[in-house]
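Atom set for the values below is all heavy atoms of this structure, side chains included, hydrogens, waters and symmetry mates excluded. Along the sequence shown, the residues carry numbers beginning at 1.
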Amino acid sequence: MIAHPGAEAKAVLDDALDDLGQRPSLSYTGTIARIDGEHDAASVRVDVSRAGSAYGKATISGTRAKIMAADGISYVSADKRLWKSDDASARTAAKIGHGWSPVDPDEWFAPGSELAPKKYAATLKTVLRDADAFDSWLPSRVDRHGKPCYPVPVGKGTVFVGAESPHTIVGVKHLTVPHGDSHGANATLDLDVSTVAKGALSKWYGELRGAVGKLSTVHAQGDIGMSISSDYFNCAYTTCYFYAYLDTSDLGDGLKVAKKVTAEFHGIAKATSAGTEDCYGKVTVKVGSGKLAHCTVTFHLSGGSQTVKPTWESSGLLTFHPDTKRLKAHVASELKDLT
């Protein structure tokens, strides 16, 4: 006889979460809304090991992408269209496009860290506890992909728990979860989850190892701070000079693996009747430091004085060279652990 409405729910949920957290690897299929903090739901198919290595594919804002995590860093490989829609300049997007680019976990939902078995189990336990699921009656069973499940409500979302023993987490729907270390960052998950089949592990390892081997030179977009004082633009005769101090001290933790940053600003000068001229000021600095950049534009005047209005746009291109030999050894040791 159950003396408290939550006794059965607690037993079922504890069993399912313990099972999830102890699995050596997990395979996810479904969608992740706001995967990059901005766009609509991205369709994903990704496998994640208990150590946090991950490899899979996604479609983000209509653009096909590959996603990977190795040694605690998350990477995305996609066409330049994705990076342009993510506010990178055209020049930066062209450089990043098609190669692997590290992403900031405070902005992007990082499957390697957020969906590793123990972390995912801990996240689900937190949202279930906050929803008082451990102290409520279990809901009536429903069928999900041919399996009887308890659809446990969590706010506007649902956690599906296998109704038959041994209990397992089958999937989630419209479940909003926090991610990264930044306050307020969250993503909404619609994911089915299962253990990676043993026969699929070798394929997963081959894809991950192949991707790691392509990390010899990696580029990424960085948020560059830009300081402009009142005397950072001036004109003499037909030539105008732009200056800006570009600073890299506020890069996200996920991007500080870069050795150097090519920081750039785009200067645009619009004259009263002589049209618009532009230029690019670029400097290379060590991560965490800054430097003054400058560029010039020249107008072709037919006479008369002109009023010139300047604008600046900044962007940053990060470059670093991961130790691919060490990363391959790391991935190989994970496969040995998983098998």
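Side-chain atoms of T158 never come within 3.5 Å of backbone atoms of V154 as a donor-acceptor pair (strictly under, hydrogens ignored). D190 places no side-chain N or O within 3.5 Å of a backbone atom of K173 that could act as its donor or acceptor partner. Put simply, the side chain of Y280 never gets that close to the backbone of E264: no donor and acceptor are under 3.5 Å apart. For T195 (side chain) and L26 (main-chain N/O), no donor-acceptor pair under 3.5 Å exists by modelled atom type. For H321 (side chain) and S216 (main-chain N/O), a donor-acceptor pair under 3.5 Å exists by modelled atom type. Using modelled atom types, one side-chain atom of T248 and one backbone atom of G288 make a donor-acceptor pair closer than 3.5 Å. Checked by atom type and distance alone, the side chain of H219 never pairs as donor or acceptor with a backbone atom of I96 at under 3.5 Å.
In this structure, K328 NZ and R209 CZ are separated by 4.5 Å, a value rounded to the nearest 0.5 Å. Going from atom OG1 of T319 over to atom NZ of K95 covers 7.0 Å, rounded to the nearest 0.5 Å. Taking CD1 of I268 as the reference point, atom OG1 of T276 lies at 8.0 Å (rounded to 0.5 Å). Separating the NE2 atom in H266 from the OG atom in S314 is a distance of 12.0 Å, to the nearest 0.5 Å. Here F299 contributes atom CZ and T239 contributes atom OG1; the two are 9.5 Å apart, rounded to the nearest 0.5 Å. Here the OG-CH2 distance, from S27 to W204, works out to 11.5 Å after rounding to the nearest 0.5 Å.
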(request) Determine, stepwise, if the pair L124 / T126 fulfils side chain to side chain contact (heavy atoms under 4.5 Å, CB included). (result) CA-CA 5 Å; L124 293 186; T126 297; over 6 Å; no

(request) Would you please test T168 and D19 for side chain to side chain donor-acceptor pair (under 3.5 Å) and show each step? (result) CA-CA 6 Å; T168 60; D19 167 77; 5.3 Å; no

(message) I'd like to know whether D247 forms a salt bridge (charged side-chain N to carboxylate O under 4.0 Å, His left out) with K291, so could you lay out the CA-CA distance, the side-chain angles of the two residues, the decisive distance to 0.1 Å, and finally the verdict.
(response) CA-CA 7 Å; D247 179 69; K291 188 181 291 185; over 6 Å; no

(request) Apply the test side chain to side chain contact (heavy atoms under 4.5 Å, CB included) to residues L292 and V283: give CA-CA distance (whole Å), side-chain angles for both, the deciding distance (0.1 Å), then the verdict. (result) CA-CA 8 Å; L292 188 67; V283 290; over 6 Å; no

(message) Please determine whether side chain to side chain contact (heavy atoms under 4.5 Å, CB included) holds for the pair D47 and R45, giving the CA-CA distance in whole Å, both sets of side-chain angles, and the decisive distance to 0.1 Å.
(response) CA-CA 7 Å; D47 297 340; R45 167 68 173 82; 2.5 Å; yes

(request) Before giving the answer on side chain to side chain contact (heavy atoms under 4.5 Å, CB included), spell out for T92 and W83 the whole-Å C-alpha distance, their side-chain angles and the decisive distance to 0.1 Å. (result) CA-CA 8 Å; T92 298; W83 305 114; over 6 Å; no

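In terms of heavy-atom proximity, E334 sits nearest to A51 at OE1-CB, 3.3 Å. Across all their heavy atoms, A78 and A65 have their closest contact at CB-CB, 3.8 Å. Nearest heavy atoms, V152 versus L128: CG1-CD2, 3.7 Å. Contact detail for A133 and A9: the closest heavy-atom pair is O-CB, 3.6 Å. In terms of heavy atoms, A54 sits closest to G112 at CB-CA, 3.9 Å. Residues I60 and A42 come closest through the heavy atom pair CG1-CB, 3.8 Å.
Residues K147 and D143 are not paired through a salt bridge, judged by the lack of any N-O separation under 4.0 Å between the basic side chain and the carboxylate. Ion pair R144/D192 flagged as a salt bridge, since at least one NZ, NE, NH1 or NH2 atom sits closer than 4.0 Å to an Asp/Glu carboxylate oxygen. Taking the charged nitrogens against the carboxylate oxygens, K125 and D14 have no contact shorter than 4.0 Å, which rules out a salt bridge. Under a 4.0 Å N-O distance rule, the pair R81/D79 qualifies as a salt bridge.
With sequence neighbours left out, the side-chain hydrogen bond (donor to acceptor under 3.5 Å, both in side chains) criterion links H294 to no other residue. Partners of K119 under the side-chain hydrogen bond (donor to acceptor under 3.5 Å, both in side chains) rule, at least two apart in sequence or in another chain, are E114.
At least one side-chain heavy atom of H330 sits under 4.5 Å from a side-chain heavy atom of S53. You'll find the side chain of P322 reaches within 4.5 Å of the side chain of L327, heavy atoms only. Side-chain contact between V285 and L246: absent, with no pair of heavy atoms (C-beta onward) separated by less than 4.5 Å. Side-chain atoms of W100 and V76, non-hydrogen and from C-beta on, never get closer than 4.5 Å to each other. You'll find the side chain of L201 stays beyond 4.5 Å of the side chain of Y205, heavy atoms only. In this structure, P102 and F320 have side chains that are in contact, with non-hydrogen atoms separated by less than 4.5 Å. Looking only at side-chain heavy atoms (C-beta outward), V44 and T31 stay at 4.5 Å or farther from each other. Counting heavy atoms from C-beta outward, L189 and Y28 have side chains that stay 4.5 Å or more apart.
I169 and F160 fall into different hydrophobic clusters, where Ile, Leu, Val, Met, Phe, Trp and Tyr side chains are chained together by heavy-atom contacts under 4.5 Å. When the side chains of ILVMFWY residues are joined at heavy-atom separations under 4.5 Å, either directly or via intervening members, L17 and L175 end up in a single hydrophobic cluster. In terms of hydrophobic clustering, with Ile, Leu, Val, Met, Phe, Trp and Tyr side chains grouped at heavy-atom distances under 4.5 Å, V177 and V170 are assigned to different clusters. Connection of V161 to V142 is not established within any shared hydrophobic cluster, with ILVMFWY side chains joined at heavy-atom distances below 4.5 Å, either directly or through further cluster members.
Two rings, from W312 and F242, have their centers less than 6.0 Å apart. For Y241 and Y232, the ring centers sit 6.0 Å or farther from each other.
The closest side-chain donor-acceptor pair between N186 and H179, if any, does not fall under 3.5 angstrom.
Other residues, nucleotides and ligands contribute at most 12 non-hydrogen atoms within 6.0 Å of the CZ atom of R64.
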